2 protein chains.
Amino acid sequence: MAEDYVELIAELIETRGEARPVEIAERLGVKPPTVTKNISRLKTAGLVRREPYRAIFLTDAGQDLAETCRRRHRIVVAFLLSLGIDEETAERDAEGIEHHVSETTLEAFEKALKPHRRYK
Amino acid sequence: MAEDYVELIAELIETRGEARPVEIAERLGVKPPTVTKNISRLKTAGLVRREPYRAIFLTDAGQDLAETCRRRHRIVVAFLLSLGIDEETAERDAEGIEHHVSETTLEAFEKALKPHRRYK
DNA sequence: TTCTGAAATTAGACATGGCTAATTTATCTA
DNA sequence: TAGATAAATTAGCCATGTCTAATTTCAGAA
């Protein structure tokens, strides 16, 4: 859960300027109360900083995790695309796969990708 | 959960002659009471047939699901191996990945694999 | 500056999947 | 055949992640 949230929060901050529960709920396909509860868990875990009714920010730890997740996501998507899979499927499958890929496998994906230069 | 269970039950029946909770617990890394509870859920779901204190059998639906899962598992493992990943990592990662791979991606894996002929 | 509508939160319920401790059942052996 | 032991089950607890209904807060428009 944490990974999906910090990844999305980082993206929202980048593209929208800030991350709001209502946006997160829409993007993750859950209801706002679920987001509120999960954000407070992330806060307890030291991944986000925030005051009630305000926008959500990532702590340093949160940013690190987000960066790790986004790198994995990028690599997995690029790899699937390099196999000829369509973008929508690649995105959808990567979402599920990225949480289960070891560093070893990720490196193998990168290596298999290198000659193509279709990512980054 | 159901997929992991039926997959393992099918394998145990094949290699051991029968599937017992204690074996399942060991293989999945959970405790026996957890297995009892989950088996009864699988029974409710129509995937297994069984009487208390007896071995576990798959219904037709359970066998179909097991077959589907095992095919996916085989393909994913073979594909990871074909990338040069070691067996242990391939097995471990496949365990997580297989539940998130669409048929489209699975076919892409098979296709990428064909020239190697290292599976089946 | 007040009020209204959207966003967020709280409260409380539910399903899933895990655990420990205690009990029951089945089986094998003495 | 009677006990002992290993397997299985039951009871009851916990954490996670979801929901709906009700309430609170905030911010912009009248």
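Throughout, protein chains are lettered first and strands after them, A, B, ... in sequence-line order, and every chain is numbered starting at 1. Treat the numbers as computed from the prediction; the structure is a model and nothing was measured.
- Annotation: proximity of residues 2-11 of chain B to DNA chain D (heavy atom, distance under 4.0 Å) is found for no residue.
- With contacts defined as side-chain heavy-atom distances shorter than 4.5 Å, the pair Ile24(A)/Asn38(A) does not qualify.
- Each of Arg54(A) and Asn38(A) has a nearest nucleotide on DNA chain D; the 5'-most of these lies closest to Asn38(A).
- Per the geometry, CD1 belonging to Ile39(A) stands 15 Å off P belonging to dT16(D), to the nearest Å.
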### Query
Between Arg72(B) and Glu3(B), is a side-chain contact (heavy atoms from CB on, under 4.5 Å) present by the stated rule, with each step listed?
CA-CA 11 Å; Arg72(B) 276 200 317 226; Glu3(B) 297 195 345; 2.6 Å; yes
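- Distances shown here put a side-chain N or O of Thr34(A) below 4.0 Å from the OP1 or OP2 atom of dC19(D).
- Here Leu28(A) contributes atom CG and Thr34(A) contributes atom OG1; the two are 10.0 Å apart, rounded to the nearest 0.5 Å.
- Counting any heavy atom pair closer than 4.0 Å across all strands shown, Pro21(B) reaches sugar-phosphate atoms only and no base atom.
- Side-chain contact between Val101(A) and Ile75(A) is absent, with no heavy-atom pair separated by less than 4.5 Å.
- Put simply, OG1 on Thr68(A) and CD on Glu98(A) are 11.5 Å apart, with the number rounded to the nearest 0.5 Å.
- Within the 4.5 Å cutoff, no side-chain heavy atoms of Leu106(B) are placed close to those of Phe79(B).
- Ion pairing between Glu103(A) and Arg71(A) holds under the 4.0 Å rule for side-chain N and carboxylate O.
- Of the charged side-chain nitrogens involved, at least one lies within less than 4.0 Å of a carboxylate oxygen, so that Glu67(A) and Arg74(A) count as a salt-bridged pair.
- As rounded to whole Å, 13 Å separates atom P of dT20(D) from atom NZ of Lys37(A).
- Here the P atom of nucleotide dT24(D) and the OH atom of Tyr53(A) are 9 Å apart, to the nearest Å.
- OP1 or OP2 of dA8(D) lies within a sub-4.0 Å distance of a side-chain N or O belonging to Arg20(B).
- Chain A approaches DNA chain C within less than 4.0 angstrom (heavy atoms of the protein), and the contacting nucleotides run 5' to 3' from dA8(C) to dA13(C).
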